[in-house]
Amino acid sequence: MTEPVEPRQLYPEIEPYDSGILAVSDLHKLYYEQSGNRTGNPVIFIHGGPGGGTSPNDRRLFDPEIYRIILLDQRGSGQSTPAAELTDNTTWHLVEDIEKLRKHLGIEKWVVFGGSWGSTLSLAYAETHPDRVKALILRGIFTLSRRELDWLYEDGGACMIYPDEWEKYIEVIPEEERYNISSAYYRRLTSEDENVRLKAARAWCRWELATSHLFMNQDLMARSELDVWPLQFARIECHYFIHGGFMKDGHLLANVDKIRHIPGTIIQGRYDIVCPAETAWKLHRQWPEAEFYFVQDAGHSAREVGIQTRLLDATDKYKNL
């Protein structure tokens with residue numbers, strides 16, 4: 001479906017009523033928080049990246065009078081520690097972290113919400129634990145296939161749409177290493193030299209942030225110049241991407257039958273450069289029971305008006321499950 005909708009604003013700002021640290025291993029300790037209705041319909045927000053972390057605005061996608069809103073910073077991300085840590089950091093570690101949090105909070109089933117990498121992890125979690133998912137809300141679909149990764153991070157795809165920003169992305173990589181740009185970045189992002197790591201991280205983040213909106217968001221672009229967040233985002237993303245998400249190519253789409261009975265909504269920006277619409281369409285074809293929406297005047301970001309509106313409509317739809 002592609003018809004326009006009346007734009008909606010986010011729910012009002014709220015503060016958490018609870019926050020904590022969940023130790024999921026001897027190394028990794030994860031930050032989580034709860035806001036909204038203490039006895040309400042539980043929903044978990046699965047953030048993007050990987051490595052992106054959560055923000056206070058993420059709470060505002062849900063009706064706080066109805067939802068028990070749960071945010072989790074994944075391994076190495078946001079307020080979780082150690083920051084930017086790659087050891088024991090895989091898709092399947094994160095899937096089980098989500099399940100550990102569910103048990104820790106005493107929740108039987110919850111609504112699962114994820115965009116971009118969050119859609120990847122939401123699908124992986126739902127396909128592994130379908131009996132724990134009330135509904136799925138997915139945006140900017142990404143299944144971590146080689147085709148998707150090559151489109152954004154290697155020559156011959158998104159670079160043809162953003163040639164100016166592509167030049168900035170590749171200028172930190174010598175020409176002789178550009179046959180595999182992601183691997184070249186990984187060598188720098190895991191360098192012993194802190195300056196080398198940070199320079200690569202900032203360039204990686206700038207490229208992704210530049211391509212994330214239909215109209216470039218300069219305020220968001222400034223995040224690429226920070227110190228800690230670019231390392232979390234770039235190191236963890238690149239780690240996942242060069243390892244193919246630690247799953248067989250096509251794994252998530254091949255296992256959609258496990259979740260077709262779960263109510264779902266898929267929302268996709270038509271001009272999403274980071275996660276091109278082809279993948280969302282493939283998921284729609286595999287999962288025709290789920291609602292599917294193209295937002296014609298949007299790119300990748302959840303903060304673009306058309307996508308934000310559809311997301312709010314979706315969270316309202318499932319709030320009384």
Side-chain angles (χ1 to χ4, degrees), residues 1 5 8 10-11 32-48 54 58-72 74 94-103 105-143 252-253 255-269 275 279-295 302 306-321:
M1 299 174 66
V5 292
R8 292 185 59 183
L10 295 171
Y11 282 101
Y32 70 88
E33 64 173 53
Q34 302 186 80
S35 58
N37 185 337
R38 293 172 182 263
T39 60
N41 185 16
V43 58
I44 182 164
F45 178 92
I46 309 293
H47 70 69
T54 58
D58 298 330
R59 307 167 193 148
R60 301 177 62 195
L61 287 159
F62 311 95
D63 184 341
E65 294 187 2
I66 302 296
Y67 275 112
R68 178 182 176 185
I69 305 160
I70 299 149
L71 272 57
L72 171 70
Q74 297 157 28
L94 302 190
V95 164
E96 290 314 304
D97 290 348
I98 296 169
E99 184 63 0
K100 287 176 183 177
L101 180 62
R102 183 192 64 78
K103 292 176 181 177
L105 296 177
I107 293 168
E108 181 179 357
K109 297 178 72 171
W110 48 10
V111 176
V112 177
F113 179 112
S116 192
W117 156 255
S119 75
T120 319
L121 186 54
S122 295
L123 286 168
Y125 175 78
E127 290 175 3
T128 306
H129 299 285
D131 57 328
R132 298 305 178 185
V133 180
K134 290 185 176 185
L136 278 163
I137 302 170
L138 306 175
R139 169 200 59 85
I141 306 305
F142 179 50
T143 60
L252 295 177
L253 290 178
N255 284 274
V256 168
D257 280 352
K258 295 177 180 178
I259 63 168
R260 286 179 60 183
H261 64 287
I262 299 173
T265 299
I266 302 165
I267 299 162
Q268 177 69 37
C275 298
T279 307
W281 188 251
K282 287 179 178 179
L283 178 60
H284 167 57
R285 302 296 281 176
Q286 292 282 99
W287 187 16
E289 296 84 0
E291 290 183 331
F292 180 81
Y293 299 102
F294 270 136
V295 181
I307 293 180
Q308 177 175 290
T309 298
R310 285 293 187 192
L311 290 173
L312 289 164
D313 287 347
T315 62
D316 282 355
K317 175 177 180 176
Y318 300 121
K319 65 185 181 181
N320 293 314
L321 280 180

Would you say [X]'s side chain and [Y]'s backbone share a donor-acceptor pair under 3.5 angstrom?
| X | Y | answer |
| --- | --- | --- |
| S119 | F142 | yes |
| T54 | L72 | no |
| R102 | I107 | yes |

Would a 4.5 Å heavy-atom cut-off, applied to side chains only, mark [X] and [Y] as touching?
| X | Y | result |
| --- | --- | --- |
| D63 | Y11 | yes |
| H129 | E96 | yes |
| K134 | P42 | yes |
| I44 | I98 | yes |
| V43 | W110 | no |
| N320 | N41 | no |
| Q268 | W281 | no |
| T265 | Y318 | yes |

message: Does T315 form a side-chain contact (heavy atoms from CB on, under 4.5 Å) with Y67? I'd like the steps, not just the answer.
response: CA-CA 9 Å; T315 62; Y67 275 112; 4.2 Å; yes

query: Which of these, L101, L94, V95, sits in a side-chain contact (heavy atoms from CB on, under 4.5 Å) with D97?
result: L94

How far does [atom1] of [X] sit from [atom2] of [Y], to the nearest 0.5 angstrom?
| X | Y | atom1 | atom2 | value |
| --- | --- | --- | --- | --- |
| K319 | N37 | NZ | CG | 11.5 Å |
| L311 | L10 | CG | CG | 9.5 Å |
| I137 | D313 | CD1 | CG | 10.5 Å |
| R60 | L312 | CZ | CG | 9.5 Å |
| Y32 | L71 | OH | CG | 13.0 Å |
| L252 | K258 | CG | NZ | 10.5 Å |

message: Using side-chain hydrogen bond (donor to acceptor under 3.5 Å, both in side chains), reason through R68 and Q34 one step at a time and then give a plain yes or no.
response: CA-CA 7 Å; R68 178 182 176 185; Q34 302 186 80; 2.6 Å; yes

message: Check R260 with E289, please: is the shortest side-chain N to carboxylate O separation under 4.0 Å?
response: yes

field: Steps toward ring-ring contact (aromatic ring centres under 6.0 Å, His included) verdict (F292, W287)
entry: CA-CA 9 Å; F292 180 81; W287 187 16; over 10 Å; no

message: Ring-plane angle category for F113 and F45, please: parallel below 30°, perpendicular beyond 60°, tilted otherwise.
response: parallel

message: Could you go through V256 and E127, starting from their C-alpha distance and side-chain angles, then the distance that decides it, and tell me whether this counts as side-chain contact (heavy atoms from CB on, under 4.5 Å)?
response: CA-CA 7 Å; V256 168; E127 290 175 3; 4.0 Å; yes

